[in-house]
Amino acid sequence: VFAGGGWQLRFDRLTADRLHCDHELIAALPPRLGHAVDRLRVEGPLNMSGRVQFDSAGPNAGELASSWDVVFDIENGSMQCGLPLDHIHGEVRLYGGSGPQGFYSRGELHVDSMFCRDIQLTNIRGPLLIRPTQIDLGSEAERGRTDAPPSQITANVFGGELSVDAHVQLDSET
């Protein structure tokens, strides 16, 4: 607790095994983030490690602020982001924040293997940006950044390499 009435709770080495994106986890997340995660319909146990922080700016703060830098590992999971993705094996690093102005989470895909409509993709790599109503993948996720040239999502498929940029529109926040 700070002298001005605010407080901070920080976990520098948080680890959680066998998380499930069920209604209890969704309800525990900041509302805007919970809505976006719920729309992805992630299934399968997740392991998480990293840093999570919660802040209150003072006694009149209307909404909790949070930040994170975490890695999720999924083994044989699935999700729906415009296309059904199944048998997902790999990691996703996410870092971002949530507060009165909304939330965002940038990240990096490091997925070893997954299936999309019975087609296997391997060695999936690249940037992503999650916002309350959309997910941007590849150079779309890096629009406006000046610290590095934009890169696409890449994957091995059918003996070759696939490179894509994508924009997935999620349902509205209503």
Can you sort out the partners of [X] under side chain to side chain donor-acceptor pair (under 3.5 Å), two or more places apart, ordered by chain and number?
{"X": "Glu108", "value": "none"}
{"X": "Glu140", "value": "Arg143"}
{"X": "Glu43", "value": "none"}
{"X": "Thr154", "value": "none"}

Measuring from [X]:[atom1] to [Y]:[atom2], what's the distance to the nearest 0.5 Å?
{"X": "Asp86", "Y": "Asn76", "atom1": "CG", "atom2": "CG", "result": "9.0 Å"}
{"X": "Asp55", "Y": "Ser98", "atom1": "CG", "atom2": "OG", "result": "11.5 Å"}
{"X": "Leu128", "Y": "Leu109", "atom1": "CG", "atom2": "CG", "result": "5.0 Å"}
{"X": "Cys21", "Y": "Ile74", "atom1": "SG", "atom2": "CD1", "result": "8.0 Å"}
{"X": "Thr122", "Y": "Leu162", "atom1": "OG1", "atom2": "CG", "result": "10.5 Å"}
{"X": "Ile26", "Y": "Asp38", "atom1": "CD1", "atom2": "CG", "result": "5.0 Å"}

| note | The complete set of side-chain hydrogen bond (donor to acceptor under 3.5 Å, both in side chains) pairs with one or both residues in residues 14-25, sequence neighbours excluded, reads none

| task | For Leu137 and Asp165, run side-chain contact (heavy atoms from CB on, under 4.5 Å): C-alpha distance rounded to whole Å, both residues' side-chain angles, the deciding distance at 0.1 Å, then the answer. | result | CA-CA 6 Å; Leu137 301 157; Asp165 292 320; over 6 Å; no

| field | Ser66 side chain to Gln53 side chain, donor-acceptor N/O pair below 3.5 angstrom | value | no

Atom of [X], atom of [Y] and distance for their closest heavy-atom approach:
{"X": "Pro127", "Y": "Ile153", "answer": "O-CD1, 3.3 Å"}
{"X": "Ser67", "Y": "Arg51", "answer": "OG-NH1, 3.3 Å"}
{"X": "Met114", "Y": "Leu85", "answer": "CE-CD2, 4.0 Å"}
{"X": "Val70", "Y": "Val52", "answer": "CG1-CG2, 3.9 Å"}
{"X": "Ser105", "Y": "Leu94", "answer": "OG-CB, 3.5 Å"}
{"X": "Glu142", "Y": "Pro149", "answer": "OE1-O, 3.8 Å"}

| Quick one: do Arg131 and Asp136 make a salt bridge, cutoff under 4.0 Å? | yes

| Members besides Tyr104 in its Ile/Leu/Val/Met/Phe/Trp/Tyr cluster (side-chain heavy atoms under 4.5 Å) | Leu129

| Linking Ile, Leu, Val, Met, Phe, Trp and Tyr by side-chain heavy atoms under 4.5 Å, what else ends up with Tyr95? | none

Hydrophobic cluster identity match, [X] and [Y], side-chain contacts under 4.5 Å:
{"X": "Ile119", "Y": "Val168", "value": "yes"}
{"X": "Val71", "Y": "Met79", "value": "no"}
{"X": "Phe54", "Y": "Met48", "value": "yes"}
{"X": "Val164", "Y": "Val92", "value": "yes"}
{"X": "Leu14", "Y": "Leu25", "value": "no"}

| Pairs involving residues 106-146, ordered by first then second residue, that meet ring pair (Phe, Tyr, Trp, His ring centres under 6.0 Å) (sequence neighbours left out) | His87-Phe115

| note | Residue pairs passing the salt bridge (Lys or Arg N to Asp or Glu O under 4.0 Å) test with at least one member in residues 146-156, sequence neighbours excluded, are Arg145-Asp147

| query | Which pairs, with at least one residue in residues 90-101 and sequence neighbours excluded, count as a salt bridge (Lys or Arg N to Asp or Glu O under 4.0 Å)? | reply | Asp69-Arg93

| What pairs with Asp112 under side-chain contact (heavy atoms from CB on, under 4.5 Å), at least two apart in sequence or on another chain? | Arg125

| message | Once side-chain contact (heavy atoms from CB on, under 4.5 Å) is applied, do any residues pair with Ala155, and if so which ones, sequence neighbours excluded? | response | Leu121, Ile124

